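In this text the structure is predicted, and so the values were computed from the model without any measurement.
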Amino acid sequence: MLRSLLGAFAAFLTATSVPAQSQTAEWPSKPITVLMGFPAGSGVDVIARMLQPSLEKSLGQRLIIDYKPGAGGNVASEAVAHAKPDGYTFLLGTAATHGVNPALYPRLSFDVEADFTPISTLVDVSNVLTINPAVIDATSVKDFIAKVKAAPGKYNYASTGNGTGTHLAFAEFVHKAGLDMVHVPYKGGPDAIQAVLKGDVCCIFNQVQTVLQHAKAGKVRLLGVTTKKRVAAIPDVPTIDEAGVPGYESYTWFAIFGPKGLDRAIAEKMNLAIKTALDDPETQKKLAELGNTPRYETLDQFKATVKADRAKWAEVVKQVGAKVD
């Protein structure tokens, strides 16, 4: 009797586990939605669109990019944090959404570590000090600093929003250089860049890829990149560290996250698709031309990155006193 019951129970377990195993083996069997917490045309969006064809080829399914901008990326993050972990909803997150935001928004309805499955980083992104010469006619970082110090409180700088990477990068620069400037946040990269182009503000720290075309057209001037090394796309532009603010460094990464509870086999398949996309020489070339550095990490490596960056950005937020409205 006992043997019969054990046999029946084993058969039940086998029967109920087959659909789950089958689902994982067949993944993906339909289009995958990737939520984007920033506007169309933003730097994150540029990278997503660039990698989209390669990822779709590797996965054999369409990627649907769903824009849910707001609250520094928190709107999209919240949606994915509470999404069903079936492998059909992912987030395109950043060092800001998963490093900066926990320090800026103390009452988030999710935890950036516990409520997500980190899949992999995509790229490291350098910002560049971008000025409108018609507003502040500086020719170098040192010249910029001198002109701003000569007129305390006169010059306004733009950002892509309170607490975003562009805001904190500039705020840290202002802090280290001892400047008196006014921060003006905008709703995303496109609006912030337009404010610089129109002369509403003098400058911005923004991603190389989003300002490169305007620099080539002579509408803005690029004075210094925020990374420790120069950027291949603009080799003549020095780092801010070497150009006048020793020790300064700031960069961000873009990455893919799934909701918590995502099957590891699915996470590994998505991770491999990302690796395949980033290993493609043509993709690497296109990313470099826009000032980005491809950055692949394993599931465990990326999990460690999120933890470390959360701690790092908490210190920066505290140091510069950044706040959100």
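- Put simply, the side chain of Asp309 never gets that close to the backbone of Val306: no donor and acceptor are under 3.5 Å apart.
- Asn127 has its side chain within reach of Thr166: a pair of non-hydrogen atoms, C-beta onward, lies under 4.5 Å apart.
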* Evaluate side-chain contact (heavy atoms from CB on, under 4.5 Å) for Val317 paired with Leu168, printing each intermediate quantity in order. => CA-CA 7 Å; Val317 169; Leu168 292 184; 3.8 Å; yes

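- Inter-residue side-chain proximity for Val34 and Ile64 is flagged as unmet; no heavy-atom pair is nearer than 4.5 Å.
- For the pair Leu278 and Leu51, the minimum side-chain heavy-atom distance is below 4.5 Å.
- Asp143 places a side-chain N or O within donor-acceptor distance of the main-chain N or O of Thr139, the cut-off being under 3.5 Å.
- Neither Leu129 nor Tyr186 shares a network with the other; the hydrophobic side chains, linked directly or stepwise wherever heavy atoms of I, L, V, M, F, W or Y lie under 4.5 Å apart, form separate groups for each.
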* Give the intermediate values and the outcome of side-chain contact (heavy atoms from CB on, under 4.5 Å) for residues Val112 and Phe110. => CA-CA 6 Å; Val112 297; Phe110 56 88; 4.0 Å; yes

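- In the hydrophobic cluster analysis, where Ile, Leu, Val, Met, Phe, Trp and Tyr join through side-chain heavy atoms closer than 4.5 angstrom, Leu290 is grouped apart from Val231.
- Between the side chain of Glu56 and the backbone N or O of Leu63, at least one donor-acceptor pair lies under 3.5 Å.
- Side-chain polar atoms of Asp279 and Tyr296 form no donor-acceptor pair below 3.5 angstrom.
- Phe205 has its ring centre less than 6.0 Å from the ring centre of Phe173.
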* Asked: Do Ile136 and Tyr155 pass the side-chain contact (heavy atoms from CB on, under 4.5 Å) test, and can you show the C-alpha distance, the side-chain angles, and the key distance before you say yes or no?
  -> CA-CA 8 Å; Ile136 182 167; Tyr155 293 106; 3.9 Å; yes

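- Without hydrogens or angle criteria, Thr226 side chain to Ser250 main chain gives a donor-acceptor distance under 3.5 Å.
- The backbone N or O of Asp241 lies less than 3.5 Å from no partner atom in the side chain of Glu249, so there is not a single donor-acceptor pair.
- A cation-pi arrangement is present between Lys30 and Tyr88 under the rule of less than 6.0 angstrom and at most 45 degrees off the ring axis.
- Residues Thr293 and Leu287 form no side-chain contact, since every pair of their non-hydrogen atoms from C-beta on lies 4.5 Å or further apart.
- Screening residues 294-305 for salt bridge (charged side-chain N to carboxylate O under 4.0 Å, His left out), with sequence neighbours left out, gives Asp124-Arg295, Arg264-Asp300, Arg295-Glu297.
- Between Asp200 and Val196 there is no side-chain heavy-atom pair separated by less than 4.5 Å.
- Under a 3.5 Å cut-off, the side chain of Thr121 and the backbone N or O of Val123 do not form any donor-acceptor pair.
- Within a 6.0 Å radius of NZ in Lys216, other residues, nucleotides and ligands contribute 12 heavy atoms or fewer.
- Within 6.0 Å of NZ on Lys228 lie more than 12 heavy atoms contributed by other residues, nucleotides or ligands.
- Residues Ile256 and Ser120 are not in side-chain contact: their nearest non-hydrogen atoms beyond the backbone lie 4.5 Å or more apart.
- To the nearest 0.5 Å, the span separating OG1 on Thr89 from CG on Leu262 amounts to 10.0 Å.
- With sequence neighbours excluded, the residues that form a side chain to side chain contact (heavy atoms under 4.5 Å, CB included) with Ser109 are Glu78, His82.
- Without hydrogens or angle criteria, Ser58 side chain to Leu55 main chain gives no donor-acceptor distance under 3.5 Å.
- Donor-acceptor pairing under 3.5 Å is lacking for the side chains of Asp86 and Trp27.
- The backbone N or O of Glu26 sits nowhere less than 3.5 Å from a side-chain atom of Ser29 that would complete a donor-acceptor pair.
- Side-chain polar atoms of Asp280 and Thr283 form a donor-acceptor pair below 3.5 angstrom.
- In the hydrophobic clustering of ILVMFWY residues, with side-chain heavy atoms under 4.5 Å counting as a link, Val44 and Ile193 come out apart.
- At a threshold of 4.5 Å between side-chain heavy atoms, the hydrophobic network of Ile, Leu, Val, Met, Phe, Trp and Tyr places Ile47 and Val211 in two separate groups.
- Annotation: side chain of Asp45 is in contact with side chain of Met36 (closest heavy-atom distance under 4.5 Å).
- Residues His183 and Phe170 keep their aromatic ring centres 6.0 Å or farther apart.
- Phe302 pairs in a ring-ring contact (aromatic ring centres under 6.0 Å, His included) with only one of the listed residues (Phe116, Phe257, Phe254), which is Phe257.
- Heavy atoms from other residues, nucleotides or ligands lying under 6.0 Å from CZ of Arg62 number 12 at most.
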* **Chi angles and distances behind the side-chain contact (heavy atoms from CB on, under 4.5 Å) call for Met181, Cys203** => CA-CA 11 Å; Met181 300 184 73; Cys203 45; 3.8 Å; yes

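- Here the straight-line distance linking atom CG of Leu91 with atom OG1 of Thr33 works out to 12.0 Å at 0.5 Å rounding.
- For Thr252 (side chain) and Val125 (main-chain N/O), no donor-acceptor pair under 3.5 Å exists by modelled atom type.
- There is no side-chain donor-acceptor pair under 3.5 Å between His167 and Thr160.
- Ionic pairing of Lys260 and Asp111 is not present here: no N-O contact between side-chain nitrogen and carboxylate oxygen is shorter than 4.0 angstrom.
- Annotation: salt bridge (charged side-chain N to carboxylate O under 4.0 Å, His left out) contacts involving residues 168-191, sequence neighbours excluded, are absent.
- In this structure the side chain of Ile131 never reaches within 4.5 angstrom of the side chain of Val220, judged on heavy atoms.
- In the hydrophobic cluster analysis, where Ile, Leu, Val, Met, Phe, Trp and Tyr join through side-chain heavy atoms closer than 4.5 angstrom, Leu212 is grouped together with Leu197.
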